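Since we're looking at a predicted model, the values are computed, not measured.
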Amino acid sequence: MLLSQQLYELEEDEILTCKVFLEVPPRVEYAFTDLGRELASIFYALEKWGVHFLTVNSDTIKVADESCYTFREAVAEEV
């Protein structure tokens, strides 16, 4: 599935808002809605589990980039 389709579906589900700027080059900004921000605790729990899993299994799992972008950083940029 294309990113644009996923973003559109998240907008339809009222998890994201989309603001289109009529300029050249075209620009679009997405932001979490209140509902989207309510989901943050679930994403934080998944992130915490993932970090724990990678730490416990670090000898068998290789991570492509340890400085990957986290959900917490995405939400923090909006505030």
Side-chain angles (χ1 to χ4, degrees):
M1 181 182 289
L2 297 173
L3 175 62
S4 59
Q5 179 64 32
Q6 290 174 329
L7 291 169
Y8 178 76
E9 289 176 7
L10 289 169
E11 186 180 5
E12 279 188 328
D13 293 336
E14 299 181 0
I15 294 171
L16 293 178
T17 59
C18 175
K19 184 175 182 181
V20 179
F21 295 86
L22 300 176
E23 47 188 57
V24 177
R27 180 171 57 116
V28 179
E29 288 183 359
Y30 290 92
F32 287 107
T33 61
D34 290 339
L35 176 62
R37 280 190 283 284
E38 286 179 27
L39 293 170
S41 61
I42 296 167
F43 293 130
Y44 290 150
L46 287 171
E47 180 183 22
K48 183 177 177 182
W49 175 85
V51 168
H52 172 74
F53 180 83
L54 290 174
T55 302
V56 170
N57 297 291
S58 63
D59 56 334
T60 58
I61 295 177
K62 296 194 181 220
V63 178
D65 183 4
E66 292 180 9
S67 64
C68 64
Y69 195 65
T70 66
F71 178 76
R72 185 175 295 111
E73 293 166 344
V75 173
E77 287 180 1
E78 286 192 3
V79 179

Cut-off 3.5 Å, no hydrogens considered: what does the side-chain donor-acceptor table look like for residues 11-23, sequence neighbours left out?
{"unit_1": "E12", "atom_1": "OE2", "unit_2": "Y8", "atom_2": "OH", "d": "3.0"}
{"unit_1": "T17", "atom_1": "OG1", "unit_2": "A31", "atom_2": "O", "d": "3.4"}
{"unit_1": "E23", "atom_1": "OE2", "unit_2": "R27", "atom_2": "NE", "d": "3.0"}

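- In this view, V24 satisfies the side chain to side chain contact (heavy atoms under 4.5 Å, CB included) rule with no residue, not counting sequence neighbours.
- Under the 4.5 Å side-chain criterion, counting only non-hydrogen atoms from C-beta, K48 is not in contact with V51.
- V28 and L7 fall within the same hydrophobic cluster, where Ile, Leu, Val, Met, Phe, Trp and Tyr residues are linked whenever their side-chain heavy atoms come under 4.5 Å apart, directly or through other members.
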